[in-house]
Structures are given as structure tokens and as C-alpha cells.
Number of protein chains: 2
Amino acid sequence: MPAPVKSVKPDFEVIRRNKVYEEVAKQIERLILKKLKPGDKLPSERELAEILQVSRSSIRDAIRGLELVGLVEPRQGTGTIVRERTTESSANPFANALKRRQGLVTELLDFRKMIEPPLAARAAANATAEEISEMEEILQRQEKTQSQGEAAIAEDADFHYGIALASGNSVVLKVIDTLMDLLRDTREHSLQVEGRAQKSLAGHRRILAAIKRHDAEAAKAAMRRHIEDVEEIVLNTKF
Amino acid sequence: MPAPVKSVKPDFEVIRRNKVYEEVAKQIERLILKKLKPGDKLPSERELAEILQVSRSSIRDAIRGLELVGLVEPRQGTGTIVRERTTESSANPFANALKRRQGLVTELLDFRKMIEPPLAARAAANATAEEISEMEEILQRQEKTQSQGEAAIAEDADFHYGIALASGNSVVLKVIDTLMDLLRDTREHSLQVEGRAQKSLAGHRRILAAIKRHDAEAAKAAMRRHIEDVEEIVLNTKF
DNA sequence: GCAAGTGGTCTGGTAAGCGGACCAGCTCAC
DNA sequence: GTGAGCTGGTCCGCTTACCAGACCACTTGC
């Protein structure tokens, strides 16, 4: 059940200035989730400042935040490394954040159930040969990652993002983009469940096959089934 | 066709700090579109500052911007009034903004086609008696406004927003919320077309009727038809 | 051991926003 | 009328976030 909201559309929202270091923190967090393992080194502060087009101070503010929540550990002279994720302790703010979002997870899944099947249908209609081969590469990466016993979180995200791209609708892209932060939570969780990884890969393959032969209805159906699989896992798992 | 985007998901986005007065300007602009007519007075600067929780300086910066594009006219001692919209001139930045977004309009419609039918289905399943009567009130307001020969822009927005509320999915709500700025453009336009207003009201009534008897499939179908109507109008109109 | 790279610290400067005070113009009740 | 109470117009000083650069302390690899 959602939080009670004021009647219909409120005329105004309070305005909040966004802080650069918060944005930076989000992006670094995303990078860690997608591309880095515990023990890996972050790009240097000066490098990040260059890439993100902000000053080093802002990078440092962001890193200090990530350090405080225990995600990262700066070492003078060496670099900033990604810390082991302490999944057990309930004092772990990371796990807590996940739990707090538990209500959101089902809503997110529901949202995906609404949007992704028709999205897959449009991808089937509009995908270019180039986009299809791009997605094929992604699935190969997913297979490789999983064969090494790792969770292919980044690849899973890339695949679904690739479909949004291939749909040719930039509005959807924008939406998916802003929801990425939340999406990755459900994804990370479900991929760690036993036997889930194989099922995910198979689902992706079915979807891509339908897209490849430009069969919109089949793509839609395959996507629906895929997301229902994810849903089943998530709902039947105790947190 | 969307702008060419870099291969799949880019690792980083450049970070931009938002400016409070720009946000304020957006909200005031929205208020004008939704609730005010030319000649109406804006809330006083001090009042707006209180509501939006920003300083009066920021409100003033925003109003200056709206004054520069000719949307609004501050009068010392009286208040700030909404100016007549000069619809004809192609030098009108308002109309230009609409045209520039022309490409977006079809994509937005497509997005709505994806999301709103399943959303209506969920609303049919989850809507409380209170939410339903809320939507009934909105439709009565829409009827009243249209009977006076005016475009019921605010009511149209409220109705669709009400459905999102009744669906009980806060994620969807968040998405709709952030897209509101764009949505209002397609809506404003389509409602001004001859005969469109009646059709819109009828469509809304059918949707609400289905929701009221908790018929998810009928709600979905009615919503799909409603949006296709809108789409037809928009696509067949020369800008 | 030393050069090169890293994070740690500090300083000076800029821009946005805040909060408050005061002025000038309009309106309306008395 | 006229004055009280609104309104927008202007100015000031302060704080915060951010930037740019310099320098230090530490680690590592040659």
C-alpha cells in the first residue's frame, strides 16, 4: 500500500537544490555496483574530477560520504578501494537501505510488468541490425560472467537498457534512466538466488530471438514471462 | 527516431547543478498553465516564497525570467499578473517551445499507450471508494469547465493522475510526476481541437465506469481507446 | 632511494541563495 | 480624503557549495 498522498496533484512541490557531491556519490555508487568488485580500486580523485567535470573537492565530499556508510576505503598513497560488503550485520546501512526499500521492490516489479512487455514489442518492431548485435554481445557477456559463478548484474541491466534503446522512444529511455538506481536493487537481489542466473539468461535469449525476427507479440510475451519469473523469485524470498 | 545514443548505458553522466530559480520558474509556469487565465494575479512573492520554501530573491529571479519571455507582468503595488498569450507570432517563445518538442509529443503518446492501459487495470483492481468518488468529482469539474467553452486542461491532468494514484503504485506516481511537464504540452494542444473536449470527457467516463465496477480488462481497453483517440487528433493536426 | 602517483589538507575566490530592512506604488475601508 | 496594509523594487551582509590550485604525506615500482 502506498503512503497516503494528498488529494490528486499538489499544485507545488518544495524545491530542493541538488548538491553536486550527492550526484557524484550516486554515480560512483552505481559504478561500484556495475563494474567493480570488493578490493578493486576506484579511479583516482583527479581522474574522476576530470571525467565528471567537477572539482576534486566535490569528488572528495562524495567519497567521504561513501566512506561513512562503509562502502569504500580511501588509502593514502594507494587509492580508494571498494570494501567487502558485509551482508550479514543488520547494522550494515547498505542492507538496511535495501530492507527499507522492500515495499518499493514489489512496486518496481509491478511497474516493470507494465512497461517492459510493450517496450519489447516496440523493440521488435524498430530494432536495427546494429542494436540487435549489440544485445547479442551483451548476452554473451552475461553468459561468460555467469559461467565464472558471478552475478551478471551489469549485463542484466545493460540488456534491459538495450531494449529500451532499441524501442526508439527517448521518453521511455529518460524514465528508465531515472529509475535505474532503484531497479538495480531488485536486480542485484534476484540474481543471487540459486538457479536464477540460468533462468535469467534463458529468458533474455527468448526475448532477443523474438526481437531478432521482429515478432512484436512474441517479444511482448517473452518479456512478460521473464519478469514474472523475476517476480516469483523476489516474492518467495525471505529477507 | 531518437537521437543517436552512445552504446548502451554510459558509465557516467556529467553532473549539473540545478538552480533554484529555474525550478521555481518551472513550477510557476505550470501553475499558470493549470490554474490561471490571462489577467489573473499570481500569488504574492512573499506567499510563493513561503509555499515553495525558498527565499523571496529566488522567487523574484524566477519571475524576472518569466517576465523576459513575456509570460507575466509584475506591477508594483498590485501584484504580478499573467499576460495575454500571443498565440499568433512565431516569435513567441512559448509556441516555439511547443514546436521544438513536436518530436517528443509522439514519443510521449507512445509512452502513455504503454503505461496507462495497464495502469487503469490496476486502478480497477485497487481503487478505494474514496478514490473513485474523487475521480467522479474531477469529471464533474471537467464537464462544468467544458460547458463554459474552456479547455479543461487541469481536470484532464487530474483525472489521469487520479488513476495513477488509485493504482496504488508509488513508483508509477513518481514517474508520472516527473513527466508532467511534458505531458501537459500534448494535452493542452489536443484539448483545443474542435470536438475533442466532448470525446475526452466521454472517454474518461467509460474508464471510470470500468474502474468503478472493478473490471480490470474493461478499464484497460477503455484507456487504450481513449489514448488512441488523443493520438489520432495529435497526429492528424498540422502545427 | 627516488620519481610518480595517490589521498589529505589548506587557502582564496566566486556564485547562488538566504534573510532582513527599507522604499515606492496601489487599494480599500473608514 | 487619508492612512493602514497590501504589493513589487532595491539593497545589504552573511552562509554555503563549489572551484582552482598549491603543498604535504604516503605508497609503490623501477
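In this text the structure is predicted, and so the values were computed from the model without any measurement. Protein chains get the first letters and strands the later ones, always in sequence-line order, with residue 1 at the start of each.
- Using a 4.0 Å cut-off between charged side-chain N and carboxylate O, Glu23(B) and Lys26(B) make a salt bridge.
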Would Glu73(A) and Arg75(A) count as a salt bridge (charged side-chain N to carboxylate O under 4.0 Å, His left out) if you check the C-alpha gap in whole Å, the side-chain angles of each, and the deciding distance to 0.1 Å? CA-CA 6 Å; Glu73(A) 178 184 337; Arg75(A) 292 187 188 161; 3.2 Å; yes

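- Judged purely by atom type and a 3.5 angstrom limit, Gln27(A) has no side-chain atom pairing as donor or acceptor with the backbone of Val24(A).
- Look at CD1 on Ile28(B): it is 11 Å from P on dG8(D), rounded to the nearest Å.
- With rounding to whole Å, Lys19(A) atom NZ is found 18 Å from dA16(C) atom P.
- Rounded to whole angstrom, the span from the CZ atom of Arg17(A) across to the P atom of dT16(D) amounts to 13 Å.
- No side-chain donor-acceptor contact under 3.5 Å links Arg141(B) to the backbone of Glu137(B).
- Over its full length, the helix from dG1(C)-dC30(D) to dC30(C)-dG1(D) turns its helical axis through 10°, comparing axes from the five pairs at each end and rounding to 10°.
- The nearest whole Å value for the distance from the CD1 atom in Ile59(B) to the P atom in dT10(D) is 17 Å.
- Following rounding to the nearest Å, Asn18(B) (CG) and dA16(C) (C1') show an atom-to-atom distance of 11 Å.
- Rounded to an integer number of Å, the gap from CD of Glu23(B) to C1' of dC18(C) is 18 Å.
- Put simply, the side chain of Asp61(B) never gets that close to the backbone of Tyr21(B): no donor and acceptor are under 3.5 Å apart.
- When only modelled atom types and interatomic distance are considered, Gln146(A) and Ser200(A) share no side-chain donor-acceptor pair under 3.5 Å.
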Going 5' to 3' along nucleotides 3-15 of chain C, which nucleotides have protein heavy atoms under 4.0 Å from the base (write B), which only from the sugar-phosphate (write S), and which from neither (write -)? --BBBBB------

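- One atom, CD of Glu22(A), and another, C1' of dT16(D), lie 13 Å apart when rounded to the nearest Å.
- His204(B) and Phe159(B) have parallel rings, their planes meeting at less than 30° on a 0 to 90° scale where 60° marks the start of perpendicular.
- Asn126(B) places no side-chain N or O within donor-acceptor distance of the main-chain N or O of Ala166(B), the cut-off being under 3.5 Å.
- A 6.0 Å sphere centred on CD of Glu136(B) holds more than 12 heavy atoms belonging to other residues, nucleotides or ligands.
- In this structure, Glu73(A) places its CD atom 13 Å from P of dT27(D), rounding to the nearest Å.
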